[in-house]
Amino acid sequence: QVQVVESGGGLVQPGGSLRLSCAASGSAFSINAMGWYRQAPGKQRELVAVITSGGATNYADSVKGRFTISRDNGKNTVYLQMNSLKPEDTAVYYCNADYRRSILSAERTSWGQGTQVTVSS
């Protein structure tokens, strides 16, 4: 089982920056893609950014050019650098990790508990 823990959320003014971290720990044969999602009140959870173990990335159109996802495979940690934050970025941000328990096992996904990001003046 792999556990995922997010950190780094908080309150920031519009135009400001925050950096989120997500650490995956536990027993796994491999940890593959890791990603960030967010859920605003009354809305569905949506993809923010995802990064593969090889470093390929994909972003939601709403954050392209403002957010950057990166990864330290040695630490099984993924980061989300958020710049030029807008009030509409306010949400609970969740991290997930796709992993395999063994070479023959199916891929599973583990989710973190989420961290609140509030963009407000």
Side-chain angles (χ1 to χ4, degrees):
Q1 184 75 14
V2 168
Q3 294 79 41
V4 174
V5 178
E6 307 99 335
S7 61
L11 173 64
V12 63
Q13 291 186 342
S17 299
L18 276 177
R19 188 191 195 211
L20 305 183
S21 299
C22 169
S25 63
S27 177
F29 170 74
S30 64
I31 296 178
N32 306 320
M34 296 182 72
W36 287 97
Y37 292 71
R38 67 186 181 187
Q39 188 167 17
K43 295 188 176 181
Q44 290 188 333
R45 190 174 298 188
E46 62 177 3
L47 172 70
V48 176
V50 63
I51 185 167
T52 68
S53 57
T57 59
N58 190 38
Y59 295 90
D61 288 343
S62 60
V63 306
K64 283 181 180 176
R66 300 188 297 123
F67 291 10
T68 302
I69 190 170
S70 61
R71 180 171 178 161
D72 184 335
N73 286 333
K75 297 181 179 179
N76 289 328
T77 299
V78 64
Y79 306 96
L80 186 68
Q81 178 66 43
M82 306 185 293
N83 298 328
S84 302
L85 282 160
K86 305 175 181 180
E88 51 264 43
D89 294 318
T90 296
V92 178
Y93 283 68
Y94 297 90
C95 176
N96 76 0
D98 295 332
Y99 68 98
R100 294 183 186 276
R101 297 178 68 179
S102 71
I103 193 170
L104 297 177
S105 65
E107 190 171 78
R108 300 185 179 193
T109 300
S110 182
W111 288 88
Q113 294 298 307
T115 185
Q116 177 70 45
V117 172
T118 303
V119 185
S120 175
S121 55

Trainee: Going by heavy atoms in the side chains, are Ser110 and Tyr99 under 4.5 Å from each other?
Mentor: yes

Trainee: Within the structure provided, determine whether Val78 and Cys95 are in side-chain contact (heavy-atom separation under 4.5 Å).
Mentor: yes

Trainee: Would one find more than 12 heavy atoms of other residues, nucleotides or ligands at under 6.0 Å from atom CD of Gln116?
Mentor: yes

Trainee: Pick from Leu80, Val92, Thr90, Leu20: which one makes a side-chain contact (heavy atoms from CB on, under 4.5 Å) with Val117?
Mentor: Leu20

Trainee: Indicate yes or no for a side-chain donor-acceptor contact from Gln1 to the backbone of Ser27 under 3.5 Å, with no hydrogens or angles considered.
Mentor: no

Trainee: Would you call Val119 and Leu18 a side-chain contact if the rule is heavy atoms closer than 4.5 Å?
Mentor: no

Trainee: With Lys43, which residues qualify under side chain to side chain contact (heavy atoms under 4.5 Å, CB included), at least two apart?
Mentor: Ala40

Trainee: For the residue pair Ile31 and Arg71, establish whether any side-chain heavy-atom pair is separated by less than 4.5 Å.
Mentor: yes

Trainee: From the options Ile51, Ile69, Val48, select the one residue that forms a side-chain contact (heavy atoms from CB on, under 4.5 Å) with Tyr59.
Mentor: Ile69

Trainee: Would Met34 and Ser53 count as a side chain to side chain contact (heavy atoms under 4.5 Å, CB included) here? Give the steps.
Mentor: CA-CA 8 Å; Met34 296 182 72; Ser53 57; over 6 Å; no

Trainee: Under 4.0 Å between a Lys/Arg side-chain N and an Asp/Glu carboxylate O for Asp89 and Lys86?
Mentor: no

Trainee: Take the angle between the ring planes of Trp111 and Tyr94 and call it parallel below 30°, perpendicular above 60°, tilted in between.
Mentor: perpendicular

Trainee: Under a 3.5 Å threshold, yes or no: a donor from one side chain and an acceptor from the other, between Thr109 and Asp98?
Mentor: yes

Trainee: For residues Gln44 and Gln39, report the shortest heavy-atom separation together with the two atoms involved.
Mentor: C-CG, 4.1 Å

Trainee: Assess whether side chain to side chain contact (heavy atoms under 4.5 Å, CB included) is satisfied between Val4 and Cys22, documenting all intermediate values.
Mentor: CA-CA 7 Å; Val4 174; Cys22 169; 3.1 Å; yes

Trainee: Between Ser7 and Thr115, is any pair of side-chain heavy atoms under 4.5 Å apart?
Mentor: no

Trainee: Would a 4.5 Å heavy-atom cut-off, applied to side chains only, mark Pro87 and Ser120 as touching?
Mentor: no

Trainee: Judged by modelled atom types alone, do Arg38 and Tyr93 share a side-chain donor-acceptor pair under 3.5 Å?
Mentor: yes

Trainee: Does a side chain donor of either Asn83 or Ser17 reach within less than 3.5 Å of an acceptor in the other side chain?
Mentor: yes

Trainee: Sub-3.5 Å donor-acceptor pair from the side chain of Asn96 to the main-chain atoms of Gly35, do we have one?
Mentor: yes

Trainee: Using atom types as modelled and distance alone, determine if a side-chain donor or acceptor of Arg100 lies under 3.5 Å from a backbone N or O of Phe29.
Mentor: no

Trainee: Taking the side chain as C-beta and beyond, is there a heavy-atom pair between Thr52 and Asn32 under 4.5 Å?
Mentor: no

